[in-house]
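The next block holds one structure in the form of structure tokens; read it before the comments.
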Protein chains: 2
Amino acid sequence: MKTDTEQTLAQKLIRQVNGRVTPIRLGVLELLLNTQTALSHQELEQAAAQTGLVADRVSLYRALDWLVEQGIAHRISSHDRAWRYKAQAELTSPHAHFQCKHCSQVFCLEDLQPALLFKLPPGYQLDEIELKLQGTCPACASLNAI
Amino acid sequence: MKTDTEQTLAQKLIRQVNGRVTPIRLGVLELLLNTQTALSHQELEQAAAQTGLVADRVSLYRALDWLVEQGIAHRISSHDRAWRYKAQAELTSPHAHFQCKHCSQVFCLEDLQPALLFKLPPGYQLDEIELKLQGTCPACASLNAI
DNA sequence: CTAAAGCTGCAATTAAGTTGCATTTTATTT
DNA sequence: AAATAAAATGCAACTTAATTGCAGCTTTAG
């Protein structure tokens, strides 16, 4: 289910960083843009197959890596030892994530801006903050409630 | 370098949760208690060899898993896809971590209690908060400064 | 001291991700 | 529009962390 606007958005994002526009990058990025949750490599592979995108596993890995390097997508470490990837319309800005312990889905919490007011011990240089909340997502919560 | 007090501490912690006191669990726990940074399985294996602890890889994995299950140790996901483990005198309480991008070491920031005042979207049930800071540790910072 | 519960070792397996290299595409230059 | 250099892709093989099943051995409660 891809619309013209989305296709254009993916292209725009790739061109924005002077990247080559290839079918695999486009297809991967569109999936990362259209899916609500962050996708693992495996989930991406399945989703790609459904949209008719033909690509080797390795090429998907490389497309994902590239998108992350360029700041177009971001990568979240999952408790099941697999990275998960997500992209949004604007180039990635820092935000927190929520991972469900039941279904392993990762949700981006764009609005969550915790007051991270703290002091690191002397000597530590801070680059990046990773805030991951864990618990039960709405879908799994309602399943268990039955 | 293990002292009597430490040995007793490890035993005490294991007994506290009604666990069997075995040489492997003792050895692993002592290492996790004595080391300043969080140890990966591999680092643990090397450290174990040096202390003369004989154990199969799998047994180390199982001892680590068990310690985490019991809340005696805790597990931090590392950017190199390997878990890292740490234990402290008291049963684990939540705290933040710092991982160095250069040496991959993970440091526990016991004192770091950020004001995590935020609201989750409706329907999400929160169990656990994982806050990982990334950057450069003091040791690597001073190496690069030379 | 002796079972039963539950650890441990060993071998085999899984799963995510990586690497090297030959081939094909992209996008630029003529 | 054709040529070309740079970069992306496919394929096969490999690496590494972690898991599983099962037989045999320890721990500990009684």
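So that the names make sense, note that chain A is the first sequence line, chain B the second, and so on, each numbered from 1. All values derive from a computational prediction rather than experimental measurement.
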Across all chains, not counting sequence neighbours, the side chain to side chain donor-acceptor pair (under 3.5 Å) partners of B:Gln125 are none
Sorted by chain and residue number, the side chain to side chain donor-acceptor pair (under 3.5 Å) partners of B:Glu128 (sequence neighbours excluded) come out as A:Lys101
Salt bridge (charged side-chain N to carboxylate O under 4.0 Å, His left out) pairs, two or more places apart, involving residues 66-78 of chain B: none
Test of understanding: with side chain to side chain contact (heavy atoms under 4.5 Å, CB included), list the residues that count as partners of [X], not counting sequence neighbours.
X        : result
A:Ser78  : A:Asp80, A:Arg84, A:Gln99
B:Ala47  : B:Leu31
A:Glu130 : A:Ser77, B:Glu130, B:Lys132, B:Gln134

Hey, where on DNA chain C does chain A first and last touch, going 5' to 3'? Cut-off is any atom under 4.0 Å from a heavy atom. C:dA16 to C:dA27
Residues in ring pair (Phe, Tyr, Trp, His ring centres under 6.0 Å) contact with A:Phe107, at least two apart in sequence or another chain: B:Tyr124
Is there a side-chain contact between [X] and [Y] (heavy atoms, below 4.5 Å)?
X        : Y        : value
B:Gln50  : B:Gln46  : no
A:Gln105 : A:Cys137 : no
B:Leu32  : B:Tyr85  : yes

For residues 53-61 of chain A, dump all side-chain donor-acceptor pairs below 3.5 Å to protein atoms at least two apart in sequence or in another chain.
residue : atom : partner : partner atom : Å
A:Asp56 : OD2  : A:Val58 : N            : 3.0

DNA chain C: B:Val54 or B:Arg81, which has the more 5' nearest nucleotide? B:Val54
To the nearest 10°, let me know how far the axis at one end of the helix from C:dC1-D:dG30 to C:dT30-D:dA1 is tilted from the axis at the other, five pairs an end. 30°
Among residues 56-68 of chain B, which contact DNA chain D at a heavy-atom distance under 4.0 Å? B:Arg57, B:Val58, B:Tyr61, B:Arg62, B:Asp65
Are A:Leu126 and A:Leu131 joined in one hydrophobic group, where the rule is that I, L, V, M, F, W and Y side chains link up if heavy atoms are under 4.5 Å apart? yes
Transitively linked via ILVMFWY side-chain contacts under 4.5 Å: A:Ile14 with A:Val68? yes
Nt span of DNA chain D in reach of chain A heavy atoms at under 4.0 Å, 5' end first, is D:dA6 to D:dA18
Considering heavy-atom distances to DNA chain D, does B:Arg20 or B:His41 have its closest nucleotide positioned more toward the 5' end? B:His41
DNA chain D nearest-nucleotide lookup for B:Tyr85 and A:Gly19: closer to the 5′ end is A:Gly19
